[in-house]
Amino acid sequence: MFIYDSVQKTKREFTPLIEGKASLYVCGPTVYDDAHLGHAKSALVFDLLVRVLKANGYDVTYARNITDIDDKIIKKAKEQNKTIKEITDFYTDAYHAEMRQLGVSAPDIEPKATESLEAIYELIQTLIDSKHAYATADGDVYFDTSSDKEYLSLSKRIQDEDDKQNRVESSSLKKNGADFALWKSVKDGSLTFSSPFGEGRPGWHVECSAMIEKHMALPHAEFAVDIHGGGADLLFPHHENEAAQTRCGTNHALANYWMHNGFVNIDGEKMSKSLGNSFFLKDALKVYDGEVLRFYLLSTHYKSNFNFNEEDLSASKKRLDKIYRLKKRLFGLAENDEPTPFQAHLLKALSDDLNVSNALALIDEMITKTNETLDTPGKHKQLKKEALSNLAYIKNLLGFGTKNAYEYFQFGVNEAVKTKIDLLIAQRDEAKKAKDFEASDKLRDEILACGVSIMDTPQGTFWERV
RNA sequence: GGUGCCAUCGCCAAGUGGUAAGGCCGCAGCCUGCAAAGCUGCUAUCCCCAGUUCAAAUCUGGGUGGCACCUCCA
């Protein structure tokens with residue numbers, strides 16, 4: 001298994017801290033709004049990573065946090081005249097439901113900031129005690145970046161007096177411009193916790209370090225976890241700050257491997273909140289099957305930026321369709337999970353830093369080869385067994401082909417239209433039997449007008465949504 | 001301005017020294033009552049220039065053009 005380490009900027013062979021085990025911590029969403037395609041991409045990438053690690057025999061512990069303390073949440077609650085918890089519960093539930101539709105497996109641990117306050121206090125206190133953090137006169141606690149000689153080693157940024165971190169966490173009481181808040185004394189009373197440092201709430205960066213220590217850190221290892229992941233934008237300042245906190249507040253570094261997934265753009269435009277063109281997952285899921293979105297978002301290497309557009313999505317769907325058509329072709333045959341050479345090749349491709357492109361090429365070649373043989377006379381008993389096993393393997397490893405093939409092809413068609421189509425197909429079959437091709441072609445035109453295509457097979461006439 | 005990434009067929013996209021995967025689209029054909037699906041065949045020398053090498057899409061230098069982060073952000 002090879003992983004591109006975005007800190008060392010090189011592909012490294014994966015060697016876990018404990019043989020046979022792998023721990024992965026990924027920065028999850030801040031639950032103040034609906035998840036967008038970027039959240040989906042990140043969740044999908046690490047879902048795939050977990051599957052590939054498991055397929056390689058690792059006993060994986062996967063944590064993905066929920067940030068439920070944040071200024072944006074407070075703002076939203078005020079706007080909607082709701083409690084903080086109403087907001088965070090709503091968006092957490094929505095996130096979970098949408099991830100399920102994408103076929104993203106639930107993480108083993110899903111820590112929340114609000115449930116980790118003791119761990120956060122403990123870490124802040126340790127940092128204060130060791131002089132890596134200091135309280136200001138107005139009640140904030142800052143991490144002293146000048147106390148950490150390795151600060152900025154992660155992002156390899158050059159310390160800049162003009163650093164923009166100045167702007168946001170702009171307390172004139174900070175010692176250094178780059179210092180970031182571990183604890184923010186509350187000024188407006190909207191969301192506050194009683195801590196040893198007074199009333200207030202934790203800063204964003206500290207929760208991840210604290211939760212990693214609480215839930216998964218190996219006390220005596222060189223690193224707290226094997227892999228830490230998240231979106232490319234998190235490298236700085238979020239991960240840089242996490243790394244500093246853990247380095248200074250514990251006896252180990254944060255992670256051995258760092259993975260950062262690329263951004264999702266939409267039609268070439270940055271999907272940023274300030275531009276207001278965020279493409280919400282919930283909207284995409286109304287139009288496309290979750291598995292189509294899964295396939296599309298995973299079809300490009302995770303490190304690259306991803307340009308979401310309908311044309312590419314459509315091309316991607318056609319590729320997924322082929323998996324389902326083969327599945328349909330083998331419908332009704334007994335399941336089988338005997339290993340095949342194809343499966344070893346597929347796993348090898350994915351084990352190379354999740355090379356999905358090569359994996360998809362292998363899948364397409366397998367499908368073509370199988371169809372080719374199936375097109376020739378004969379029972380092909382062994383080939384069918386292998387193909388079924390391969391499809392099952394693809395389903396488990398990549399999450400493609402998990403649904404009933406007929407339902408997949410009928411996604412988004414309502415019951416009334418389905419009934420109409422079935423009726424027209426029955427009429428057409430009658431006309432065909434009577435060799436009245438003029439009538440049957442006319443009926444087919446009517447069926448096509450429903451937005452579907454049909455195909456005559458020895459097993460009967462089937463239809464698919466176009 | 002600082003740091004970093006990228007540039008491969010009409011489109012998407014692998015490939016990091018050994019002579020260009022795969023998919024979509026298109027064209028021709030097989031199959032089909034006709035279609036659809038499936039199958040077969042056809043379609044690139046890798047942004048430009050210079051260099052290193054027996055050998056470069058892959059390494060080096062320069063250029064041009066995109067992009068990301070540096071601010072809450074996956």
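Lettering follows sequence order; numbering is per chain, from 1. It should be emphasised that the depicted structure is a prediction, and the values quoted were computed from it without experimental measurement.
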Provide the distance between the two P atoms, one in B:C70 and one in B:C11, to the nearest whole Å. 31 Å
Atom-pair distance (CG on A:Asp233; C1' on B:C72), nearest Å: 10 Å
For nucleotides B:U58 and B:C48, find the distance between their P atoms and express it as a whole number of Å. 10 Å
When the C1' atoms of B:G61 and B:U53 are compared, how many Å lie between them, rounded to an integer? 16 Å
Would you give a per-nucleotide map of nucleotides 30-41 of chain B, 5' to 3', where B means the base has a protein non-hydrogen atom under 4.0 Å away, S means only the sugar-phosphate does, and - means neither? ---BBBBSSSS-
When you compare B:A20 with B:U8, how far apart are their C1' atoms, in angstrom units rounded to a whole number? 8 Å
Should the pair A:Phe180 and A:His205 be assigned to parallel (<30°), tilted (30 to 60°) or perpendicular (>60°) ring geometry? perpendicular
Between CD1 of A:Ile74 and C1' of B:C72 the distance, given in whole Å, is 13 Å
Measuring only the P atom in each nucleotide, how far is B:C25 from B:U32? A whole number of Å is fine. 23 Å
Less than 6.0 Å separating the ring centroids of A:Tyr91 and A:Tyr32? no
Check side-chain contact (heavy atoms from CB on, under 4.5 Å) between A:His380 and all other residues, then give those that pass, not counting sequence neighbours. A:Thr373, A:Leu374, A:Thr376, A:Leu383
Whole-angstrom distance between B:C72 and B:C12, as gauged at atom C1': 32 Å
How long is the line joining CG of A:Asp70 and C1' of B:A74, in whole Å? 14 Å
With both distances under 3.5 angstrom, what nucleotide forms a Watson-Crick or G-U wobble pair with B:C72? none
Got a sec, which residues hit salt bridge (charged side-chain N to carboxylate O under 4.0 Å, His left out) with A:Lys432, two or more places apart in sequence or on another chain? A:Asp456
Rounded to whole Å, the CG-C1' distance (A:Asn265 to B:C6) equals 13 Å
From CG of A:Asp34 over to C1' of B:A74, roughly how many Å is that when rounded to an integer? 15 Å
For B:C59, the nucleotide meeting Watson-Crick or G-U wobble distances (both under 3.5 Å) is B:G51
A:Phe400 vs A:Phe295 aromatic rings, parallel, tilted or perpendicular, using cut-offs 30° and 60°? tilted
A:Asp5 CG to B:C5 C1', straight-line distance once rounded to whole Å: 16 Å
May I ask whether A:Phe263 stacks on the base of B:A74, given the cut-offs of 5.5 Å between ring centres and 30° between planes? yes
Can the ring centroids of A:Phe279 and A:Phe308 be said to lie less than 6.0 angstrom from one another? yes
Pairing partner of B:U64 (Watson-Crick or G-U wobble, both distances under 3.5 Å): B:A7
Is a salt bridge present between A:Arg294 and A:Asp47, judged by a nitrogen-to-oxygen distance below 4.0 Å? yes
Pair A:Tyr296 and A:Phe306, ring centroids less than 6.0 Å apart: yes
Rounded interatomic separation in angstrom, taking CG from A:Leu152 and C1' from B:G2: 12 Å
Can you sort out the partners of A:Phe462 under ring pair (Phe, Tyr, Trp, His ring centres under 6.0 Å), two or more places apart, ordered by chain and number? A:Tyr406
Could A:Arg428 and A:Glu446 be called an ion pair, given the rule that one side-chain N must be under 4.0 Å from one carboxylate O? no
Can you give one letter per nucleotide of nucleotides 8-21 of chain B, going 5' to 3': B for a protein heavy atom under 4.0 Å from the base, S for sugar-phosphate only, - for none? ---SSSSS-----B
Taking side-chain hydrogen bond (donor to acceptor under 3.5 Å, both in side chains) as the test, write out the residues that go with A:Asp144, two or more places apart. A:Ser146, A:Asn176
Nearest nucleotide by nearest heavy atom, which residue falls closer to the 5' end of RNA chain B, A:Gly38 or A:Lys9? A:Lys9
Base-pairing mate for B:A20 - Watson-Crick or G-U, with both contacts under 3.5 Å: none
For A:Val356, answer base if it contacts any base atom (sugar-phosphate contacts may also be present), sugar-phosphate if it contacts only those atoms, and nothing otherwise; contact means non-hydrogen atoms under 4.0 Å. nothing
Measure the distance from CG on A:Leu298 to P on B:G22 and round it to the nearest whole Å. 22 Å
Could you tell me how far B:C9 sits from B:C46 if I compare only their C1' atoms? Round to whole Å. 10 Å
B:A28 pairs with, by Watson-Crick or G-U criteria that keep both distances under 3.5 Å: B:U40
Which value, in whole Å, describes the distance between the P atoms of nucleotides B:G26 and B:U60? 41 Å
